[in-house]
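The block underneath contains the structure these notes are about, expressed in structure tokens.
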Amino acid sequence: MAGERPALYEMFDDRFRTGRCMNGDAGLEVLHTGSRWAEGPVYVPAWRQLLWSDIPNDRLLRWDEETGAVAVFRRSAGHTNGNTLDREGRLITCEQGNRRVTRTEHDGTVTVLADRWQGKRLNSPNDAAVKSDGSIWFSDPDYGITSDYEGHLADSEIGANNVYRVDPATGEVRLVADGFRGPNGLVFSADEKRLFVSDSGANLIRVLDVRDDGTLSDGEVFAEGGARRNANFDNIRFDADGRLWAAAMDDGVHCYDPDGTLLGRLAVPQTAANIAWGGAKRNRLFITARTTLYSVVMGVTGTHQTGPGRRRRDAPAG
């Protein structure tokens with residue numbers, strides 16, 4: 001029918017339907033538009049707000065769930081990209097323009113967690129994940145130093161794009177995985193025995209075993225974007241049933257079964273760069289896509305921003 005909106009959900013495997021992935025809103029809700037390039041959404045339960053990065057405009061924005069109001073959270077923000085929360089609910093930010101990873105304390109002050117490895121400046125930290133032991137793991141591609149659009153044009157001092165770990169006790173920055181073309185989003189499995197890393201430069205998602213000493217295996221390919229035309233991977237998040245959801249750029253948002261099968265996708269009008277779960281029940285998926293912040297309330301629940309795993313039955317949602 002003329003003027004009819006395209007379907008939000010596209011199913012490739014019946015488990016996408018039986019797993020309640022197609023339950024919920026029939027379409028995307030536009031929460032805000034006007035960014036230059038939006039990424040890094042993180043839901044803060046205590047505030048009932050979503051923060052996200054408008055990278056070229058060098059600002060962090062916030063959307064209030066109660067009022068729908070949007071305001072600037074931080075300007076001259078270091079061309080922030082990925083954001084997450086630590087175990088104390090503090091904001092962890094990858095400042096690709098400042099070439100560092102920071103923590104915003106509860107009093108508003110900013111602590112630098114990592115800006116160098118072996119005395120060399122980082123490239124441009126992109127995304128971070130916090131493990132239950134308090135360690136912070138982050139990807140460090142060169143996207144923020146290849147031009148002045150999303151950072152500052154500069155040469156790489158390290159000469160490679162790697163994944164690093166910040167020790168919670170000593171603050172030591174340790175290289176844990178290399179061999180990436182453009183490491184981007186990263187997330188731990190519920191048991192924290194595996195780390196999933198999207199490699200935008202290679203157009204795939206790798207999964208690496210986490211050893212007891214904190215080192216990683218070489219890993220294997222979990223998914224390839226080349227299986228879908230125009231699909232490339234940015235950040236990734238799990239739902240509470242172990243399915244991996246991936247911002248797949250021009251191919252919307254992908255949903256993968258734990259066995260690696262592409263179950264279905266969400267069609268997004270603009271390039272889907274990042275996703276995050278939030279809302280009172282954590283069943284609201286926020287999507288940053290080029291200029292716009294979208295959301296969809298779904299029939300599935302995401303993992304908590306401060307850590308992986310399914311919510312205990314006796315624990316409140318939030």
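For the 3.5 Å distance criterion, the side chains of Asp234 and Asn274 qualify, holding a donor opposite an acceptor. For the residue pair Thr301 / Asn283, no side-chain donor-acceptor distance below 3.5 Å is found, with atom types taken as modelled. Counting only N and O atoms by type, the side chains of Ser156 and Asn123 include a donor and acceptor under 3.5 Å apart.
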Test Trp117 against Asp140 for side-chain contact (heavy atoms from CB on, under 4.5 Å), laying out the working first.
CA-CA 11 Å; Trp117 173 68; Asp140 186 41; over 6 Å; no
For Tyr9 and Leu266, what are the C-alpha separation, side-chain angles and deciding distance, and is it a side-chain contact (heavy atoms from CB on, under 4.5 Å)?
CA-CA 5 Å; Tyr9 307 96; Leu266 305 181; 3.4 Å; yes
Using the rule given for side-chain contact (heavy atoms from CB on, under 4.5 Å), can you reason through Asn83 versus Leu60, listing the C-alpha separation, both sets of side-chain angles and the distance that settles it, and then say yes or no?
CA-CA 10 Å; Asn83 298 282; Leu60 270 169; 3.7 Å; yes
Pair Tyr149, Trp37 - check ring-ring contact (aromatic ring centres under 6.0 Å, His included), show working.
CA-CA 10 Å; Tyr149 186 68; Trp37 183 262; 8.3 Å; no
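Considering only heavy atoms from C-beta on, Ile275 comes within 4.5 Å of Asn235 through its side chain. Side-chain contact between Arg165 and Leu195: absent, with no pair of heavy atoms (C-beta onward) separated by less than 4.5 Å. Within the 4.5 Å cutoff, the side chain of Val130 has no heavy atoms near those of the Leu85 side chain. Using a 4.5 Å heavy-atom threshold, the side chains of Leu244 and Ile205 count as touching. Within the 4.5 Å cutoff, the side chain of Leu122 has no heavy atoms near those of the Arg100 side chain. Counting heavy atoms from C-beta outward, Ser139 and Asp127 have side chains that approach closer than 4.5 Å.
Note on Lys120 versus Glu157: no salt bridge recorded, every NZ/NE/NH1/NH2 to OD/OE distance being 4.0 Å or above. A salt bridge does not link Arg174 to Glu172: none of the charged side-chain nitrogens sits closer than 4.0 Å to a carboxylate oxygen. A salt bridge links Asp54 with Arg59: the closest approach of a Lys/Arg side-chain nitrogen to an acidic carboxylate oxygen falls below 4.0 angstrom. The pair Asp241-Arg15 fails the salt-bridge criterion, with no side-chain N (NZ, NE, NH1 or NH2) lying under 4.0 Å from an Asp/Glu carboxylate O. Here Arg284 pairs with Glu29 in a salt bridge; the nearest charged N to carboxylate O distance falls below 4.0 Å.
Relative orientation of the Trp47 and Phe73 rings is tilted, given thresholds of 30° and 60° on the angle between their planes. Relative orientation of the Phe16 and Trp245 rings is tilted, given thresholds of 30° and 60° on the angle between their planes.
Here the rule is side-chain hydrogen bond (donor to acceptor under 3.5 Å, both in side chains) with Thr271, and of Thr292, Asp250, Asp251 only Asp250 fits it. The side-chain hydrogen bond (donor to acceptor under 3.5 Å, both in side chains) test with Arg74 singles out one residue from Thr93, Thr104, Asp58, Thr80, and that residue is Thr104. Here the rule is ring pair (Phe, Tyr, Trp, His ring centres under 6.0 Å) with His32, and of Tyr294, Trp52, Trp63 only Trp52 fits it.
Distance CD/Glu150 to CD1/Ile145: 12.5 Å, rounded to 0.5 Å.
The shortest heavy-atom contact between Tyr43 and Trp277 is CB-O, 3.6 Å. Across all non-hydrogen atoms, the minimal contact from Ser200 to Tyr143 is CB-OH, 3.4 Å.
Relative to the six-membered ring of Phe180, Arg206 meets both conditions, a distance below 6.0 Å and an angle of at most 45° to the axis.
For Asp14, the CG atom is densely surrounded, since the number of other residues' heavy atoms within 6.0 Å is greater than 12.
Partners of Asp107 according to the salt bridge (charged side-chain N to carboxylate O under 4.0 Å, His left out) rule, which considers only residues two or more places apart in sequence or in another chain, do not exist here.
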